[in-house]
Every structure is written in structure tokens, then in C-alpha cells.
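Below is one structure, written out as C-alpha cells; comments come after it.
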Amino acid sequence: MYELPLFPLNTVLFPSTPIRLFIFEERYKHMIQDCLDKDQAFGVVLIRRGVEAMGPLAEPHPIGTSAKITEVQRLNDGRMNIVAGGQERFRILSLDKEALPYLIGQLAPYPLRMEDPTLLAALGDRLRYWVRRYLRLLEQAGNTQLDLNQIPPDPVSLAYMAAALVQIPTQQKQQLLSISESDTLLEQVRTIYRREVVLLKTMLATQVQENSGFSMN
């Protein structure tokens with residue numbers, strides 16, 4: 001068991017992925033400065049009930065990810081832009097809302113149960129195929145270039161990167177973060193990408209049809 005300050009947000013942070021935050025509230029300026037002074041991580045947790053800013057402390061979901069600050073840009077009045085990297089998943093055992101202006105969590109590690117490396121490698125290859133298709137379709141949709149070489153070789157890191165990238169509801173991302181087995185995580189992310197590839201292909205086909213002026217009527 002260990003203790004970390006918690007930052008309830010309307011976003012889900014996955015291990016091995018970055019998060020960028022604008023820190024403007026007094027309680028979170030205090031929290032981030034404490035983390036910098038102590039060279040300490042903080043926990044990112046999705047809000048279950050409540051609001052992200054300017055209100056009572058929100059109630060978080062029980063599974064979150066620790067984040068280590070890697071970049072700080074200081075602004076006026078103590079405000080900051082920060083970049084932090086997702087580290088390890090945790091499970092909240094209890095919350096302290098009284099000791100400090102921000103939440104303190106008593107936490108337990110929540111490691112992913114790892115399957116046979118050969119199985120994970122095969123599942124990673126299957127997911128990588130769909131992630132590459134998805135990214136290529138995004139290039140077509142937005143006329144942007146994406147570096148496919150940045151796709152992680154490690155299957156679990158790939159799954160978490162893919163979960164962070166795909167545009168799905170935050171509640172669904174929280175469900176992915178909460179999965180306890182590595183093979184289940186890879187399979188569920190692959191299922192999402194297969195669906196999203198079909199949706200993107202349909203969207204692009206519709207755009208081409210509209211731009212050509214073709215009508216089925």
C-alpha cells in the first residue's frame with residue numbers, strides 16, 4: 001500500500017502514454033508544486049461523480065494510473081502547463097479529503113496479469129495490423145502524415161497506446177484500463193479497432209461520394 005495525491009479528470013490515462021494539463025486551480029497548483037518539490041508522482045483518475053474544476057472534490061473511479069511530471073512551463077500567477085507520463089495502474093483503497101485541499105489516496109498496485117509471451121506476441125501482431133489500418137485511414141481523412149514507426153513493439157504498450165489514441169467514450173476507456181488480464185486487453189482493443197476501421201472506411205466512402213456529386217436517387 002502507498003499514498004499519492006489524486007487528480008480527478010474527465011479523461012483516462014493509460015500506462016506508457018503522455019498527458020498534457022493546464023494547471024490553474026489553486027488546489028492543483030498546490031498539488032503539482034508539492035509533487036515537484038518531492039519529486040513525486042500523482043494519480044490520474046476518471047471522475048465518476050462531480051466536476052473537474054471549480055467545485056467540491058469529485059468522486060473518482062477506483063482504478064487509475066500514476067503519472068510522473070516530465071515537463072513544466074510556468075505561467076503567471078502560479079499557473080502551469082505540464083506534461084506527465086503514465087506509469088503504473090493502481091486501485092484506490094481509501095480517500096482522504098480533509099488533510100489537504102486535494103484528494104489523497106491510499107493505493108494498492110494493480111498490475112496487469114501477463115499471459116504467455118508467445119501468445120501475447122501473436123495477439124500484439126493482430127492488434128498492430130488493425131492499428132496501422134486505422135492510422136492510414138486517419139491520414140486519408142485528415143490529409144495528415146502519421147509516423148507508423150512510433151507504434152510500440154511491446155504488445156501491452158501497444159494496447160495501451162491504441163486505447164489512448166482511439167476516439168471512444170471515456171467510460172469505455174475506463175473499462176479498458178480496468179481489465180486485469182493482458183490477453184483480454186489486447187483482444188478487446190482489437191475488437192474496437194476493427195469496428196472503428198469499418199466506420200472510418202464508411203465515412204471516407206461517403207465523403208468521396210458527396211464530393212463527386214453522385215446521387216443514388
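Note that the numbering runs from 1 along the sequence shown for the chain.
- Taking the charged nitrogens against the carboxylate oxygens, Arg113 and Asp183 have no contact shorter than 4.0 Å, which rules out a salt bridge.
- Although no hydrogens or angles enter the test, the distance criterion places a donor-acceptor pair under 3.5 Å between the side chain of Thr65 and the main chain of Leu13.
- The closest donor-acceptor contact from the side chain of Gln167 to the backbone of Leu165 lies under 3.5 Å.
- Linking Ile, Leu, Val, Met, Phe, Trp and Tyr whenever their side-chain heavy atoms come within less than 4.5 Å puts Tyr110 and Val189 in one cluster.
- Looking only at distances, a side-chain donor or acceptor of Ser66 sits under 3.5 Å from a matching main-chain atom of Glu88.
- With hydrogens and angles ignored, the 3.5 Å screen pairs a side-chain donor or acceptor of Gln174 with a backbone N or O of Ile63.
- Looking only at distances, a side-chain donor or acceptor of Lys173 sits under 3.5 Å from a matching main-chain atom of Ala163.
- Distance CZ/Arg74 to NZ/Lys29: 11.0 Å, rounded to 0.5 Å.
- Not one N or O on the side chain of Arg91 forms a donor-acceptor pair closer than 3.5 Å with the backbone of Ala108.
- Applying the ring-ring contact (aromatic ring centres under 6.0 Å, His included) rule to Phe42 yields no partners; only residues at least two apart in sequence or on another chain are considered.
- With Arg89 contributing its side chain and Leu177 its backbone, the two residues share a donor-acceptor pair below 3.5 Å.
- Residue Ile32 holds its CD1 atom at 6.0 Å from CE of Met80, rounded to the nearest 0.5 Å.
- Between the side chain of Arg128 and the backbone N or O of Pro152 there is at least one donor-acceptor pair closer than 3.5 Å.
- The backbone N or O of Arg132 sits nowhere less than 3.5 Å from a side-chain atom of Tyr193 that would complete a donor-acceptor pair.
- Without hydrogens or angle criteria, Tyr160 side chain to Gly86 main chain gives no donor-acceptor distance under 3.5 Å.
- In terms of hydrophobic clustering, with Ile, Leu, Val, Met, Phe, Trp and Tyr side chains grouped at heavy-atom distances under 4.5 Å, Leu75 and Ile69 are assigned to different clusters.
- Residue-environment remark: NZ (Lys68) exceeds the threshold of 12 foreign heavy atoms within 6.0 Å.
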One pair to check against side chain to side chain contact (heavy atoms under 4.5 Å, CB included): Phe7 and Leu21. What are the steps and the verdict?
CA-CA 11 Å; Phe7 203 154; Leu21 297 169; 4.0 Å; yes
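- Across Cys35 and Pro5, no two heavy atoms sit closer than the pair SG-CG, 3.7 Å.
- Partner of Leu95 under the side-chain contact (heavy atoms from CB on, under 4.5 Å) criterion, chosen from Ile104, Leu6, Val45: Leu6.
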Apply side chain to side chain contact (heavy atoms under 4.5 Å, CB included) to residues Ile19 and Val83 and explain how you reach the verdict.
CA-CA 6 Å; Ile19 187 169; Val83 179; over 6 Å; no
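- Using a 4.0 Å cut-off between charged side-chain N and carboxylate O, Arg190 and Glu187 make a salt bridge.
- For the atom pair Glu26 CD and Asp77 CG, the distance stands at 8.5 Å (nearest 0.5 Å).
- Other residues, nucleotides and ligands contribute at most 12 non-hydrogen atoms within 6.0 Å of the CZ atom of Arg194.
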